[in-house]
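Basis for what follows: all heavy atoms, side chains included, without hydrogens, waters or symmetry-related copies. Atoms within a ligand are numbered from 1 in the order they appear, just like the ligands themselves.
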Amino acid sequence: MPSPIKHRSYQLLPLLAGLLGLLLALTGTVQRLDYWFYDAALSRHVLHKSADDPILIEVDNRSLAEMGSWPWPRELHARLIDQLQYAKAVGLDIALAESTLASNKPDQSLAAAIRRNGKVVSPVFPESAGDTLTETRPIPLLAAASNRLGHTDFERDNDGVIRRTYLMAGLGTPDFPGFAKAVHEVAQGLPAPALKLPFHANDESWVRDDEVLVPFGNGAEPFERMSYIDALSNAERETFRDRIVLIGVTAAGLGDMHTTPISANSAGMPGVVINAYLLRGLQDNSLIRPLSLLRQGLLTLLLIVALDYLLSPWSRQRTVLLAYPAAALLVAVGSMLLLNQGHVWFAPASTMLVLTLAGLTRFIIRQASLQTLATTDGLTQLANRRHFDEVFIPAIERQRNAQQPLAFILLDIDHFKLYNDQYGHYAGDVVLKRVAHVLRESFQRKGELPARLGGEEFGVLMPGATMQDAVDAAETFRQRLEDLDLPHDGSPLQKVTCSIGVAARIPQQGDTAQRIYEEADGALYIAKRSGRNVVSPASS
Ligand SMILES: Nc1nc2c(ncn2[C@@H]2O[C@H](COP(=O)(O)OP(=O)(O)OP(=O)(O)O)[C@@H](O)[C@H]2O)c(=O)[nH]1
(Lines give C-alpha, C1' and ligand atoms only; values in the text may rest on other atoms or scores of the structure.)
Protein backbone atom coordinates (compact mmCIF):
# COMPACT_ATOMS: atom_id res chain seq x y z
CA MET A 1 0.00 0.00 0.00
CA PRO A 2 1.55 3.34 -0.92
CA SER A 3 2.18 5.43 2.18
CA PRO A 4 1.01 8.99 2.46
CA ILE A 5 3.78 9.59 4.99
CA LYS A 6 7.07 10.64 3.54
CA HIS A 7 9.37 9.87 6.48
CA ARG A 8 8.55 6.40 7.71
CA SER A 9 12.18 6.19 8.87
CA TYR A 10 11.08 8.40 11.76
CA GLN A 11 9.66 5.30 13.35
CA LEU A 12 13.08 3.67 13.42
CA LEU A 13 14.50 6.45 15.54
CA PRO A 14 13.08 5.26 18.89
CA LEU A 15 14.68 1.89 18.17
CA LEU A 16 18.01 3.54 17.42
CA ALA A 17 17.70 5.69 20.54
CA GLY A 18 17.00 2.54 22.58
CA LEU A 19 20.05 0.82 21.10
CA LEU A 20 22.19 3.84 21.90
CA GLY A 21 20.92 3.72 25.49
CA LEU A 22 21.74 0.03 25.72
CA LEU A 23 25.22 0.68 24.36
CA LEU A 24 25.83 3.44 26.93
CA ALA A 25 24.66 1.11 29.69
CA LEU A 26 26.73 -1.84 28.50
CA THR A 27 29.93 0.12 28.00
CA GLY A 28 29.71 1.33 31.60
CA THR A 29 29.30 4.97 30.53
CA VAL A 30 26.15 5.26 32.62
CA GLN A 31 27.93 3.87 35.66
CA ARG A 32 30.84 6.29 35.22
CA LEU A 33 28.34 9.14 35.09
CA ASP A 34 26.82 7.90 38.33
CA TYR A 35 30.26 7.87 39.96
CA TRP A 36 30.83 11.39 38.72
CA PHE A 37 27.51 12.61 40.14
CA TYR A 38 28.18 10.83 43.43
CA ASP A 39 31.64 12.29 43.85
CA ALA A 40 30.40 15.74 42.88
CA ALA A 41 27.59 15.51 45.43
CA LEU A 42 30.00 14.35 48.15
CA SER A 43 32.30 17.24 47.45
CA ARG A 44 29.47 19.54 48.59
CA HIS A 45 29.11 17.63 51.82
CA VAL A 46 31.01 19.30 54.66
CA LEU A 47 31.46 17.29 57.86
CA HIS A 48 31.51 18.94 61.28
CA LYS A 49 33.47 17.72 64.28
CA SER A 50 31.61 16.18 67.16
CA ALA A 51 32.62 14.90 70.59
CA ASP A 52 31.60 11.38 69.52
CA ASP A 53 34.11 11.29 66.67
CA PRO A 54 36.74 8.59 66.95
CA ILE A 55 40.40 9.37 67.71
CA LEU A 56 42.85 7.85 65.28
CA ILE A 57 46.13 6.51 66.65
CA GLU A 58 48.36 6.20 63.66
CA VAL A 59 51.43 4.18 62.88
CA ASP A 60 52.84 7.11 60.96
CA ASN A 61 56.25 8.04 59.61
CA ARG A 62 57.22 9.90 62.78
CA SER A 63 56.47 6.91 65.00
CA LEU A 64 58.39 4.66 62.63
CA ALA A 65 61.35 7.05 62.63
CA GLU A 66 61.47 7.10 66.41
CA MET A 67 60.49 3.53 67.24
CA GLY A 68 62.23 1.63 64.49
CA SER A 69 61.02 -0.29 61.52
CA TRP A 70 57.84 -2.33 61.28
CA PRO A 71 56.72 -4.76 62.63
CA TRP A 72 57.07 -3.52 66.15
CA PRO A 73 57.32 -5.86 69.13
CA ARG A 74 53.89 -6.94 70.27
CA GLU A 75 54.66 -5.85 73.84
CA LEU A 76 54.54 -2.31 72.44
CA HIS A 77 50.98 -2.85 71.19
CA ALA A 78 50.19 -4.33 74.61
CA ARG A 79 51.44 -1.09 76.23
CA LEU A 80 49.26 0.98 73.95
CA ILE A 81 46.19 -1.16 74.61
CA ASP A 82 46.76 -0.68 78.34
CA GLN A 83 46.87 3.07 77.73
CA LEU A 84 43.34 2.78 76.36
CA GLN A 85 41.77 1.16 79.40
CA TYR A 86 39.13 3.95 79.77
CA ALA A 87 38.26 4.09 76.05
CA LYS A 88 34.70 3.28 75.02
CA ALA A 89 35.89 0.95 72.28
CA VAL A 90 39.18 0.16 70.57
CA GLY A 91 39.54 -0.86 66.93
CA LEU A 92 42.95 -2.47 66.52
CA ASP A 93 43.09 -2.27 62.69
CA ILE A 94 46.48 -3.98 62.43
CA ALA A 95 46.98 -7.41 60.87
CA LEU A 96 48.29 -9.76 63.58
CA ALA A 97 47.85 -12.93 61.58
CA GLU A 98 51.26 -14.46 62.24
CA SER A 99 52.78 -15.65 65.50
CA THR A 100 56.03 -14.17 66.69
CA LEU A 101 58.58 -16.83 65.85
CA ALA A 102 61.10 -16.73 68.69
CA SER A 103 58.68 -17.29 71.55
CA ASN A 104 54.97 -16.80 72.09
CA LYS A 105 55.56 -14.54 75.08
CA PRO A 106 54.95 -11.30 73.14
CA ASP A 107 51.70 -12.75 71.75
CA GLN A 108 50.66 -13.74 75.24
CA SER A 109 51.36 -10.34 76.67
CA LEU A 110 49.38 -8.64 73.88
CA ALA A 111 46.53 -11.13 74.33
CA ALA A 112 46.53 -10.38 78.05
CA ALA A 113 46.38 -6.63 77.42
CA ILE A 114 43.52 -7.10 74.93
CA ARG A 115 41.66 -9.25 77.43
CA ARG A 116 42.27 -6.71 80.24
CA ASN A 117 40.91 -3.96 78.07
CA GLY A 118 37.88 -6.02 77.05
CA LYS A 119 36.74 -3.62 74.34
CA VAL A 120 39.15 -4.41 71.51
CA VAL A 121 37.96 -5.28 68.01
CA SER A 122 40.39 -7.12 65.73
CA PRO A 123 40.26 -7.39 61.95
CA VAL A 124 39.34 -10.27 59.65
CA PHE A 125 39.53 -10.15 55.86
CA PRO A 126 39.24 -12.52 52.87
CA GLU A 127 42.44 -13.73 51.24
CA SER A 128 42.99 -16.28 48.51
CA ALA A 129 45.54 -18.98 49.21
CA GLY A 130 46.00 -20.77 45.89
CA ASP A 131 42.55 -22.01 44.87
CA THR A 132 41.18 -21.60 48.35
CA LEU A 133 39.63 -18.56 49.91
CA THR A 134 40.42 -18.09 53.59
CA GLU A 135 39.45 -15.74 56.32
CA THR A 136 42.60 -14.08 57.52
CA ARG A 137 42.21 -13.47 61.25
CA PRO A 138 44.54 -12.54 64.08
CA ILE A 139 46.28 -15.60 65.52
CA PRO A 140 43.81 -17.65 67.65
CA LEU A 141 45.27 -16.34 70.91
CA LEU A 142 44.58 -12.74 69.94
CA ALA A 143 41.27 -13.49 68.22
CA ALA A 144 40.02 -15.23 71.36
CA ALA A 145 41.12 -12.32 73.56
CA SER A 146 39.32 -9.74 71.38
CA ASN A 147 35.83 -8.59 72.20
CA ARG A 148 34.81 -9.40 68.61
CA LEU A 149 36.13 -9.52 65.07
CA GLY A 150 35.11 -7.16 62.28
CA HIS A 151 35.80 -7.47 58.56
CA THR A 152 37.86 -4.82 56.77
CA ASP A 153 36.62 -5.59 53.26
CA PHE A 154 35.72 -2.63 51.05
CA GLU A 155 34.28 -2.89 47.56
CA ARG A 156 36.29 -1.34 44.77
CA ASP A 157 34.08 0.20 42.05
CA ASN A 158 34.82 -0.32 38.35
CA ASP A 159 36.91 2.84 38.29
CA GLY A 160 39.11 1.55 41.13
CA VAL A 161 37.62 3.92 43.70
CA ILE A 162 36.26 2.79 47.06
CA ARG A 163 32.86 4.24 47.79
CA ARG A 164 30.95 1.36 49.38
CA THR A 165 31.22 -1.47 51.82
CA TYR A 166 28.92 -4.01 53.41
CA LEU A 167 27.97 -3.94 57.05
CA MET A 168 28.01 -7.74 57.07
CA ALA A 169 30.30 -10.14 55.18
CA GLY A 170 31.95 -13.50 55.55
CA LEU A 171 33.02 -16.68 53.87
CA GLY A 172 29.93 -18.72 52.93
CA THR A 173 27.63 -16.61 55.10
CA PRO A 174 27.87 -12.91 55.86
CA ASP A 175 28.23 -13.23 59.64
CA PHE A 176 31.09 -10.84 60.42
CA PRO A 177 30.10 -7.25 61.03
CA GLY A 178 32.16 -4.63 59.26
CA PHE A 179 35.11 -3.45 61.38
CA ALA A 180 33.53 -0.05 62.06
CA LYS A 181 30.18 -1.69 62.88
CA ALA A 182 31.91 -4.05 65.32
CA VAL A 183 33.62 -1.10 67.07
CA HIS A 184 30.28 0.72 67.15
CA GLU A 185 28.63 -2.33 68.74
CA VAL A 186 31.32 -2.40 71.45
CA ALA A 187 30.86 1.34 72.06
CA GLN A 188 27.12 0.71 72.47
CA GLY A 189 27.91 -1.89 75.10
CA LEU A 190 26.49 -4.85 73.19
CA PRO A 191 27.62 -8.16 74.67
CA ALA A 192 30.55 -9.91 72.97
CA PRO A 193 29.41 -12.70 70.63
CA ALA A 194 30.87 -16.21 70.73
CA LEU A 195 33.94 -16.52 68.51
CA LYS A 196 33.19 -18.52 65.37
CA LEU A 197 35.56 -21.24 64.22
CA PRO A 198 37.90 -20.23 61.39
CA PHE A 199 36.52 -21.16 58.03
CA HIS A 200 38.43 -22.50 55.01
CA ALA A 201 36.60 -23.58 51.91
CA ASN A 202 37.22 -24.56 48.35
CA ASP A 203 33.81 -23.80 47.04
CA GLU A 204 32.60 -20.97 49.23
CA SER A 205 32.79 -17.40 48.18
CA TRP A 206 33.03 -14.24 50.24
CA VAL A 207 29.46 -13.08 50.73
CA ARG A 208 28.51 -9.46 51.35
CA ASP A 209 25.28 -8.08 52.77
CA ASP A 210 23.78 -4.73 53.81
CA GLU A 211 25.46 -2.37 51.38
CA VAL A 212 26.28 1.15 52.52
CA LEU A 213 28.20 4.01 50.99
CA VAL A 214 30.93 5.55 53.08
CA PRO A 215 29.89 9.06 54.17
CA PHE A 216 33.06 10.82 53.13
CA GLY A 217 32.92 14.57 53.28
CA ASN A 218 34.75 17.46 51.82
CA GLY A 219 37.03 19.79 53.73
CA ALA A 220 39.01 19.11 56.87
CA GLU A 221 38.96 15.61 58.30
CA PRO A 222 36.51 15.63 61.20
CA PHE A 223 38.47 13.37 63.58
CA GLU A 224 41.59 13.85 65.64
CA ARG A 225 44.77 12.00 64.79
CA MET A 226 47.57 11.16 67.18
CA SER A 227 50.95 9.55 66.49
CA TYR A 228 51.36 6.12 68.00
CA ILE A 229 54.45 7.33 69.84
CA ASP A 230 52.54 10.19 71.46
CA ALA A 231 49.68 7.93 72.45
CA LEU A 232 52.12 5.82 74.49
CA SER A 233 52.82 8.76 76.78
CA ASN A 234 51.20 8.43 80.22
CA ALA A 235 50.03 12.01 79.99
CA GLU A 236 47.61 11.02 77.23
CA ARG A 237 45.81 8.29 79.15
CA GLU A 238 42.91 10.62 80.07
CA THR A 239 42.57 11.82 76.47
CA PHE A 240 41.07 8.49 75.54
CA ARG A 241 38.55 8.32 78.37
CA ASP A 242 35.11 7.52 76.93
CA ARG A 243 36.38 7.96 73.38
CA ILE A 244 36.32 5.52 70.53
CA VAL A 245 39.86 4.80 69.40
CA LEU A 246 40.99 3.36 66.10
CA ILE A 247 44.58 2.17 65.72
CA GLY A 248 45.94 1.69 62.22
CA VAL A 249 48.81 2.16 59.81
CA THR A 250 48.85 5.44 57.91
CA ALA A 251 52.54 5.60 56.93
CA ALA A 252 52.85 5.60 53.16
CA GLY A 253 53.98 2.31 51.69
CA LEU A 254 53.29 0.29 54.84
CA GLY A 255 49.55 -0.15 55.18
CA ASP A 256 46.68 -0.53 52.74
CA MET A 257 46.06 2.65 50.77
CA HIS A 258 42.85 3.12 48.81
CA THR A 259 41.60 5.57 46.26
CA THR A 260 38.40 7.23 47.48
CA PRO A 261 36.25 10.05 46.07
CA ILE A 262 38.06 12.51 48.34
CA SER A 263 41.55 11.14 47.86
CA ALA A 264 41.54 10.50 44.12
CA ASN A 265 44.44 12.81 43.39
CA SER A 266 46.51 12.18 46.47
CA ALA A 267 48.42 9.18 47.78
CA GLY A 268 45.26 7.32 48.77
CA MET A 269 43.46 6.81 52.04
CA PRO A 270 44.51 4.26 54.66
CA GLY A 271 41.88 1.60 55.45
CA VAL A 272 41.73 2.76 59.08
CA VAL A 273 40.71 6.27 57.96
CA ILE A 274 37.92 4.83 55.79
CA ASN A 275 36.78 2.91 58.87
CA ALA A 276 36.84 6.14 60.87
CA TYR A 277 34.45 7.74 58.34
CA LEU A 278 32.23 4.67 58.51
CA LEU A 279 32.24 4.72 62.27
CA ARG A 280 31.27 8.37 62.26
CA GLY A 281 28.40 7.51 59.92
CA LEU A 282 27.24 4.78 62.28
CA GLN A 283 27.52 7.08 65.31
CA ASP A 284 25.43 9.92 63.87
CA ASN A 285 23.25 7.80 61.60
CA SER A 286 24.59 9.36 58.42
CA LEU A 287 25.58 6.20 56.52
CA ILE A 288 24.44 6.45 52.92
CA ARG A 289 22.10 3.73 51.72
CA PRO A 290 21.82 3.01 48.00
CA LEU A 291 18.29 2.76 46.63
CA SER A 292 17.55 -0.75 45.40
CA LEU A 293 17.39 -1.32 41.64
CA LEU A 294 13.71 -2.22 41.92
CA ARG A 295 12.81 1.00 43.72
CA GLN A 296 14.91 3.00 41.33
CA GLY A 297 13.18 1.35 38.35
CA LEU A 298 9.73 1.98 39.84
CA LEU A 299 10.56 5.62 40.50
CA THR A 300 11.78 6.03 36.92
CA LEU A 301 8.56 4.48 35.62
CA LEU A 302 6.50 6.75 37.85
CA LEU A 303 8.37 9.79 36.53
CA ILE A 304 7.72 8.81 32.92
CA VAL A 305 4.02 8.17 33.56
CA ALA A 306 3.70 11.48 35.42
CA LEU A 307 5.44 13.36 32.61
CA ASP A 308 3.28 11.65 30.00
CA TYR A 309 0.22 12.66 31.96
CA LEU A 310 1.34 16.26 32.31
CA LEU A 311 2.32 16.55 28.67
CA SER A 312 -1.11 15.59 27.41
CA PRO A 313 -1.68 15.60 23.63
CA TRP A 314 -2.35 19.29 23.26
CA SER A 315 1.04 20.40 24.49
CA ARG A 316 3.43 21.81 21.93
CA GLN A 317 6.17 19.73 20.37
CA ARG A 318 8.87 22.06 21.67
CA THR A 319 7.54 21.57 25.19
CA VAL A 320 7.81 17.80 24.79
CA LEU A 321 11.33 18.11 23.44
CA LEU A 322 12.46 20.25 26.38
CA ALA A 323 10.42 18.74 29.20
CA TYR A 324 12.14 15.36 29.35
CA PRO A 325 15.74 16.60 29.43
CA ALA A 326 14.59 19.21 31.99
CA ALA A 327 13.13 16.39 34.09
CA ALA A 328 16.40 14.49 33.69
CA LEU A 329 18.28 17.51 35.06
CA LEU A 330 15.86 17.73 37.98
CA VAL A 331 16.55 14.06 38.69
CA ALA A 332 20.28 14.84 38.91
CA VAL A 333 19.71 17.77 41.27
CA GLY A 334 17.18 15.75 43.29
CA SER A 335 19.56 12.84 43.65
CA MET A 336 22.27 15.16 44.99
CA LEU A 337 19.84 16.70 47.48
CA LEU A 338 18.66 13.27 48.54
CA LEU A 339 22.25 12.20 49.11
CA ASN A 340 23.19 15.22 51.22
CA GLN A 341 19.91 15.66 53.09
CA GLY A 342 18.45 12.17 53.22
CA HIS A 343 21.60 9.99 53.12
CA VAL A 344 20.07 7.95 50.31
CA TRP A 345 21.84 7.39 47.01
CA PHE A 346 19.65 7.43 43.93
CA ALA A 347 22.09 6.79 41.06
CA PRO A 348 20.62 9.22 38.52
CA ALA A 349 22.39 8.43 35.24
CA SER A 350 20.25 5.53 34.01
CA THR A 351 17.04 7.36 34.96
CA MET A 352 18.28 10.47 33.17
CA LEU A 353 19.13 8.39 30.13
CA VAL A 354 15.76 6.61 30.13
CA LEU A 355 13.94 9.95 30.53
CA THR A 356 15.86 11.54 27.68
CA LEU A 357 15.24 8.53 25.44
CA ALA A 358 11.57 8.44 26.43
CA GLY A 359 11.28 12.12 25.57
CA LEU A 360 13.01 11.66 22.26
CA THR A 361 10.81 8.70 21.43
CA ARG A 362 7.66 10.57 22.39
CA PHE A 363 8.74 13.56 20.34
CA ILE A 364 9.46 11.39 17.30
CA ILE A 365 6.20 9.48 17.54
CA ARG A 366 4.24 12.70 17.92
CA GLN A 367 6.15 14.23 15.05
CA ALA A 368 5.28 11.25 12.87
CA SER A 369 1.62 11.35 13.83
CA LEU A 370 1.47 15.11 13.29
CA GLN A 371 2.94 14.55 9.87
CA THR A 372 0.40 11.83 9.17
CA LEU A 373 -2.37 14.22 10.21
CA ALA A 374 -0.99 16.94 7.96
CA THR A 375 -0.70 14.73 4.91
CA THR A 376 -3.68 12.40 5.23
CA ASP A 377 -7.35 12.84 4.47
CA GLY A 378 -9.22 12.17 7.70
CA LEU A 379 -12.21 10.36 6.16
CA THR A 380 -10.54 8.04 3.66
CA GLN A 381 -6.97 7.88 5.01
CA LEU A 382 -5.72 8.55 1.47
CA ALA A 383 -3.18 11.30 0.83
CA ASN A 384 -4.83 14.71 1.00
CA ARG A 385 -4.74 17.45 -1.62
CA ARG A 386 -1.82 19.23 0.02
CA HIS A 387 0.36 16.17 0.10
CA PHE A 388 -0.69 15.20 -3.41
CA ASP A 389 0.48 18.58 -4.71
CA GLU A 390 3.75 18.27 -2.81
CA VAL A 391 4.43 15.06 -4.70
CA PHE A 392 2.82 16.01 -8.04
CA ILE A 393 4.83 19.19 -8.71
CA PRO A 394 8.35 17.74 -8.28
CA ALA A 395 7.25 14.56 -10.12
CA ILE A 396 6.50 16.62 -13.25
CA GLU A 397 9.95 18.18 -13.05
CA ARG A 398 11.63 14.82 -12.51
CA GLN A 399 9.84 13.11 -15.41
CA ARG A 400 10.61 16.03 -17.70
CA ASN A 401 14.30 15.87 -16.88
CA ALA A 402 14.32 12.10 -17.36
CA GLN A 403 12.12 12.37 -20.47
CA GLN A 404 9.78 9.78 -18.97
CA PRO A 405 5.99 9.85 -19.11
CA LEU A 406 3.69 10.75 -16.26
CA ALA A 407 -0.05 10.14 -15.94
CA PHE A 408 -2.70 11.84 -13.85
CA ILE A 409 -6.09 10.22 -13.36
CA LEU A 410 -8.99 12.34 -12.12
CA LEU A 411 -12.21 10.64 -11.06
CA ASP A 412 -15.54 11.78 -9.74
CA ILE A 413 -18.42 9.71 -8.35
CA ASP A 414 -21.49 9.84 -10.55
CA HIS A 415 -24.68 11.48 -9.26
CA PHE A 416 -23.24 11.70 -5.81
CA LYS A 417 -25.49 14.57 -4.84
CA LEU A 418 -28.49 12.34 -5.51
CA TYR A 419 -26.87 9.60 -3.46
CA ASN A 420 -26.45 11.94 -0.51
CA ASP A 421 -29.98 13.23 -0.92
CA GLN A 422 -31.43 9.76 -0.97
CA TYR A 423 -29.27 7.82 1.50
CA GLY A 424 -27.98 10.62 3.69
CA HIS A 425 -24.60 12.22 4.15
CA TYR A 426 -23.31 9.49 6.46
CA ALA A 427 -24.03 6.77 3.87
CA GLY A 428 -22.30 9.05 1.35
CA ASP A 429 -19.22 9.04 3.55
CA VAL A 430 -19.25 5.25 3.61
CA VAL A 431 -19.28 5.22 -0.21
CA LEU A 432 -16.30 7.60 -0.25
CA LYS A 433 -14.42 5.20 2.01
CA ARG A 434 -15.30 2.22 -0.21
CA VAL A 435 -14.09 4.09 -3.28
CA ALA A 436 -10.85 4.96 -1.44
CA HIS A 437 -10.39 1.32 -0.54
CA VAL A 438 -10.74 0.17 -4.14
CA LEU A 439 -8.37 2.94 -5.22
CA ARG A 440 -5.74 1.80 -2.73
CA GLU A 441 -6.05 -1.75 -3.97
CA SER A 442 -5.88 -0.72 -7.61
CA PHE A 443 -2.86 1.56 -7.43
CA GLN A 444 -0.18 -0.16 -5.43
CA ARG A 445 2.85 0.10 -7.68
CA LYS A 446 5.91 1.98 -6.52
CA GLY A 447 5.45 5.72 -7.04
CA GLU A 448 1.69 5.52 -7.61
CA LEU A 449 -0.16 7.90 -5.34
CA PRO A 450 -3.96 7.83 -5.00
CA ALA A 451 -5.41 10.84 -3.18
CA ARG A 452 -8.67 12.49 -2.23
CA LEU A 453 -8.51 15.88 -3.89
CA GLY A 454 -11.74 17.20 -2.35
CA GLY A 455 -15.45 16.31 -2.00
CA GLU A 456 -16.16 13.28 -4.14
CA GLU A 457 -13.19 13.90 -6.41
CA PHE A 458 -10.12 11.64 -6.35
CA GLY A 459 -6.82 11.71 -8.23
CA VAL A 460 -4.06 9.23 -8.92
CA LEU A 461 -0.50 10.11 -9.86
CA MET A 462 1.28 7.49 -11.96
CA PRO A 463 4.90 8.45 -12.67
CA GLY A 464 6.30 6.42 -15.59
CA ALA A 465 2.88 5.45 -16.94
CA THR A 466 1.94 6.06 -20.58
CA MET A 467 -1.57 7.06 -21.60
CA GLN A 468 -2.30 3.43 -22.44
CA ASP A 469 -1.03 2.20 -19.04
CA ALA A 470 -3.08 4.80 -17.20
CA VAL A 471 -6.28 4.22 -19.22
CA ASP A 472 -5.95 0.46 -18.62
CA ALA A 473 -5.40 0.95 -14.89
CA ALA A 474 -8.29 3.43 -14.70
CA GLU A 475 -10.55 1.02 -16.60
CA THR A 476 -9.65 -1.80 -14.20
CA PHE A 477 -10.49 0.45 -11.27
CA ARG A 478 -13.79 1.61 -12.85
CA GLN A 479 -14.80 -1.97 -13.41
CA ARG A 480 -13.91 -2.99 -9.85
CA LEU A 481 -16.04 -0.20 -8.45
CA GLU A 482 -18.94 -1.14 -10.69
CA ASP A 483 -18.54 -4.78 -9.66
CA LEU A 484 -18.99 -3.81 -6.02
CA ASP A 485 -22.68 -3.27 -6.87
CA LEU A 486 -23.15 -0.55 -4.28
CA PRO A 487 -26.88 0.30 -4.68
CA HIS A 488 -27.64 3.80 -5.98
CA ASP A 489 -31.31 4.33 -6.95
CA GLY A 490 -30.59 7.77 -8.38
CA SER A 491 -28.20 6.40 -10.99
CA PRO A 492 -29.40 4.91 -14.31
CA LEU A 493 -27.31 1.80 -13.59
CA GLN A 494 -28.78 1.56 -10.07
CA LYS A 495 -25.31 1.33 -8.58
CA VAL A 496 -22.39 3.54 -7.58
CA THR A 497 -20.08 4.29 -10.52
CA CYS A 498 -17.57 6.94 -11.38
CA SER A 499 -16.38 8.85 -14.39
CA ILE A 500 -12.67 9.19 -15.11
CA GLY A 501 -10.51 11.59 -17.06
CA VAL A 502 -6.87 10.76 -17.82
CA ALA A 503 -4.01 13.05 -18.81
CA ALA A 504 -0.65 11.46 -19.68
CA ARG A 505 2.57 12.34 -21.54
CA ILE A 506 6.25 13.12 -21.19
CA PRO A 507 6.08 16.54 -19.49
CA GLN A 508 7.33 19.40 -21.62
CA GLN A 509 8.65 22.84 -20.80
CA GLY A 510 5.72 24.88 -19.49
CA ASP A 511 3.79 21.85 -18.26
CA THR A 512 2.49 22.60 -14.78
CA ALA A 513 0.40 20.65 -12.31
CA GLN A 514 -2.45 23.03 -13.04
CA ARG A 515 -2.25 22.45 -16.77
CA ILE A 516 -2.19 18.68 -16.44
CA TYR A 517 -5.03 18.82 -13.93
CA GLU A 518 -7.11 20.92 -16.30
CA GLU A 519 -6.50 18.47 -19.10
CA ALA A 520 -7.69 15.57 -16.97
CA ASP A 521 -10.62 17.67 -15.78
CA GLY A 522 -11.58 18.36 -19.42
CA ALA A 523 -11.46 14.64 -20.15
CA LEU A 524 -13.55 13.97 -17.03
CA TYR A 525 -16.13 16.49 -18.24
CA ILE A 526 -16.33 14.61 -21.54
CA ALA A 527 -16.73 11.33 -19.63
CA LYS A 528 -19.65 12.84 -17.71
CA ARG A 529 -21.15 14.21 -20.91
CA SER A 530 -20.89 10.89 -22.66
CA GLY A 531 -23.10 9.16 -20.12
CA ARG A 532 -20.77 8.63 -17.08
CA ASN A 533 -19.14 5.42 -15.83
CA VAL A 534 -16.46 5.65 -18.53
CA VAL A 535 -12.76 6.40 -18.79
CA SER A 536 -11.92 9.30 -21.07
CA PRO A 537 -8.34 10.06 -22.20
CA ALA A 538 -7.46 13.69 -22.72
CA SER A 539 -6.32 14.65 -26.18
CA SER A 540 -3.22 16.77 -25.63
N1 LIG B 1 -21.27 12.38 2.01
C2 LIG B 1 -20.40 13.28 1.58
N3 LIG B 1 -20.74 14.02 0.52
C4 LIG B 1 -19.88 14.93 0.04
C5 LIG B 1 -18.63 15.12 0.65
N6 LIG B 1 -17.97 16.09 -0.03
C7 LIG B 1 -18.79 16.48 -1.03
N8 LIG B 1 -19.94 15.78 -0.98
C9 LIG B 1 -21.10 15.87 -1.83
O10 LIG B 1 -20.81 15.49 -3.16
C11 LIG B 1 -21.81 16.03 -3.97
C12 LIG B 1 -21.22 16.44 -5.31
O13 LIG B 1 -22.26 16.79 -6.14
P14 LIG B 1 -22.10 17.42 -7.54
O15 LIG B 1 -20.78 18.13 -7.63
O16 LIG B 1 -23.31 18.26 -7.82
O17 LIG B 1 -22.03 16.25 -8.53
P18 LIG B 1 -22.79 14.90 -8.61
O19 LIG B 1 -24.08 14.91 -7.93
O20 LIG B 1 -21.86 13.81 -8.21
O21 LIG B 1 -23.09 14.78 -10.14
P22 LIG B 1 -22.04 14.43 -11.24
O23 LIG B 1 -20.68 14.67 -10.75
O24 LIG B 1 -22.39 15.31 -12.39
O25 LIG B 1 -22.27 12.99 -11.56
C26 LIG B 1 -22.44 17.19 -3.20
O27 LIG B 1 -23.75 16.85 -2.85
C28 LIG B 1 -21.59 17.28 -1.96
O29 LIG B 1 -22.35 17.63 -0.82
C30 LIG B 1 -18.29 14.34 1.79
O31 LIG B 1 -17.25 14.45 2.38
N32 LIG B 1 -19.22 13.44 2.20
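Counting only residues at least two apart or on different chains, the side chain to side chain donor-acceptor pair (under 3.5 Å) pairs with a member in residues 396-405 are E397-R400.
In this structure, the side chains of F416 and C498 stay at 4.5 Å or more apart for every pair of heavy atoms.
A cation-pi arrangement is absent between R163 and Y277, since the terminal nitrogen or guanidinium carbon is not both under 6.0 Å from the aromatic centre and inside a 45° cone about the axis.
Side-chain N or O atoms of T173 include none that pairs as donor or acceptor with a backbone N or O of D175 at under 3.5 Å.
Each of I288, L291, L338 was scored for a side chain to side chain contact (heavy atoms under 4.5 Å, CB included) with W345, with one residue passing: I288.
Residues lining ligand 1 at a heavy-atom distance below 4.0 Å are given as D412, I413, D414, H415, F416, K417, N420, H425, G428, D429, L432, R452, G455, E456, K528, R532, ordered by chain and residue number.
Between L461 and F392, the closest heavy-atom pair is CD1-CD1, 3.4 Å.
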